[in-house]
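Each chain gets a letter, A, B and so on, in the order its sequence line appears, and its residues count up from 1.
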Amino acid sequence: MYLTLILLYFFPIQSLYSPMIELVKSMELYRTASPFDRRVTALEWHPTKSDILAVGSKGGDIILWDTEHFDKDKIVQGIGAAGSCQAMKFWPWDRDKVVSASINGTVTLHDFELQTGTVLADTMNSYDHWYCSLDVNTNRYIVAAGRNQGILHLMSTEGRKIFEYRLHKNKVTHVEFSPREEWMLCTASTDCTVQLWDIRFIKDRKSVVEKLVHDKPVNSAYFSHTDGCRLLTTDQGTNIRVYRAPYWHLETTIEHPHRFFQHITPFKATWHPLQDLIVCGRYPDKNFPGSGQELRTIDIFEAENGKTVAQLYNPSSNGLCPLNKFNWQGDALATGMGFHILLWNRQKLISRKQLNLMESMSSKPGQSSSSSSRNLASDPLSSSRQRPRPSKKKKTTDEDIDDLKKKTKTKTSDNTKTRKK
DNA sequence: GTTGACTTTAGCTCT
DNA sequence: AGAGCTCCAAGTCAAC
């Protein structure tokens, strides 16, 4: 298995596609967690530890979820309402830290150990100006962050301003540095464009290198992980597009239902790390050509021809899945589904210790679920923590953190309706 | 336990 | 630039 992965990493050859597709097809729901009081807004796998997943929420809480061990999770608490974590990355120079772009108007470097946050940028007016996208350039020690009014902000790793200009007419939904050309930056926007920039010469809108015009607002634009030669965009309508270097011509258009709705996290198609496979959640549309029985599936396509190669679905977790990301080994997929996090992988043998723990959790009293709630608790592998919804925006204190930790330790099994009456 | 009101920093169009 | 309308998911909470 590992030999195959290594081979595929170094030799991404067409003829070796099928083993990876077979692996993806065999994936099943393995664990779930519900640590937040608001919906999931951002997912990021740890760059080296393939079991660690960072998840951000609409309340600004960020959790480092250890997907293999219980009670190893780390949390930083957000401000609640108006603190939505819009994007985040592991800090390349200290991978126990996470930098986030937030709707509270800041770009903040979070330390999970010390429970502190270093503010790198602050708009000082979070209602009108906030950050909604972020990436880090390891070679040039630059943090790029996009704002809701179309401004791109480049800063040093200490937060010193390098560049700030309104490059888009509207919200910059996604920024990403090319893994291939370290000077190349891609920005996606709700002004219906994806634009490529050379940060060595970036000055104003005229300095754009390439402009890829879409029919609808664009949620994301990811460079492929295999060689960085493909760019995957997701619009707010029915298009997933793949553009191809060096001239960034449109290579594939996939018709796919993933429309925008205000009160759900925008859908973003992402790459498989070892093969040019695309994963994207589906918004239910019975009338959409090719829709099967299950309308809320997670669909996986081949980039080259747009062919559907797999669909993931589990009846016990029947919600919209706008966020999906493979870990860097490609053997696990994380999904953000409403307030919940799902983990898919090939069925694993579960240790006796884990089984005992799960059995003891599922036998806890007072964990019935109402008819309107989702049936996640019936998943024997489900782990969950929930806390009461905070009343109003308030400053996070050490007591709050202690309180949160206490609650996350005591609530484990039921992730549906265990909140206090 | 069930039901329904309420809440939610988006995007589009018109003025 | 701002008001008002529309997209209609998924949770909380109070009343019954």
Side-chain angles (χ1 to χ4, degrees), chain A residues 32 34-42 56-61 78-87 100-106 123-133 146-150 166 168-174 188-193 214-220 234-238 257-268 281-286 295-296 317-323 335-342 366-377 384-393 414-421:
Chain A
T32 68
S34 309
F36 302 131
D37 57 343
R38 286 176 173 80
R39 70 177 190 241
V40 173
T41 52
S57 83
K58 199 165 181 288
D61 300 341
I79 60 171
S84 177
C85 172
Q86 297 275 286
S100 74
S102 170
I103 221 162
N104 71 7
T106 69
T123 62
M124 309 300 282
N125 176 2
S126 67
Y127 198 83
D128 293 327
H129 307 273
W130 66 85
Y131 288 94
C132 31
S133 48
R147 299 229 293 254
N148 65 315
Q149 297 194 329
R166 193 175 180 210
H168 283 274
K169 290 178 189 165
N170 220 326
K171 181 191 283 184
V172 181
T173 51
H174 190 96
S189 169
T190 53
D191 68 4
C192 304
T193 67
H214 289 60
D215 304 325
K216 294 275 184 183
V218 188
N219 290 336
S220 62
T234 313
D235 72 2
Q236 293 190 352
T238 56
H258 53 257
R259 48 152 302 173
F260 171 84
F261 170 52
Q262 180 183 359
H263 302 299
I264 60 173
T265 304
F267 284 83
K268 294 181 176 183
R282 173 179 284 252
Y283 190 102
D285 183 354
K286 282 179 188 169
L295 300 169
R296 296 178 169 200
S317 54
N318 183 24
L320 294 173
C321 302
L323 296 179
T335 296
M337 186 194 78
F339 286 35
H340 314 288
I341 319 163
L342 316 181
Q367 293 178 346
S368 62
S369 59
S370 78
S371 58
S372 61
S373 66
R374 304 193 186 291
N375 192 24
L376 281 173
S384 166
R385 290 77 46 84
Q386 288 198 345
R387 63 186 165 90
R389 196 186 188 94
S391 52
K392 276 283 171 190
K393 173 177 177 174
D414 182 14
N415 50 5
T416 52
K417 291 283 176 183
T418 56
R419 299 174 195 207
K420 66 179 180 185
K421 301 273 183 200

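Toward the 5′ end of DNA chain B lies the nearest nucleotide of A/H263, the other residue of the pair A/N219 and A/H263 mapping further downstream.
The main-chain N or O of A/C85 is found under 3.5 Å from a side-chain atom of A/T41 such that the two form a donor-acceptor pair.
Between A/K216 and the phosphate of B/dC12, there is no side-chain N or O to OP1/OP2 separation shorter than 4.0 Å. OP1 or OP2 of B/dG11 sits under 4.0 Å from a side-chain N or O of A/K171. Contact check, A/R39 against B/dT7: no side-chain N or O comes under 4.0 Å of OP1 or OP2. Between A/Q236 and B/dG11 there is a side-chain N or O to OP1 or OP2 distance below 4.0 Å. Taking 4.0 angstrom as the limit, A/Y283 places none of its side-chain polar atoms (N or O) nearer than this to OP1 or OP2 of C/dC7.
Within the 4.5 Å cutoff, the side chain of A/T193 has no heavy atoms near those of the A/K169 side chain.
Closest to the A/Q262 side chain, of the nucleotides C/dC7, B/dG11, B/dT9, is C/dC7.
As judged by a 4.0 angstrom heavy-atom cut-off over every strand, A/I264 is placed among residues touching the sugar-phosphate backbone only. A/R259 comes within 4.0 angstrom of the backbone, heavy atoms only, and of no base. Contacts of A/P217 with the nucleic acid, taken as non-hydrogen atoms under 4.0 Å apart, involve only primed sugar atoms and P, OP1 or OP2. Within 4.0 Å (heavy atoms only), A/S84 reaches no atom of the nucleic acid at all.
Nucleotide C/dA9 holds its P atom 10 Å from the CZ atom of A/F267, rounded to whole Å. When the C1' atom of B/dA10 is taken as reference, atom CZ of A/R147 falls 19 Å away, rounded to whole Å.
Atom C1' of B/dT9 sits at a distance of 16 Å from the matching atom of C/dG2, rounded to the whole Å.
Seen from the ring of A/Y131, A/R147 counts as a face-on cation partner, given the 6.0 Å and 45° thresholds.
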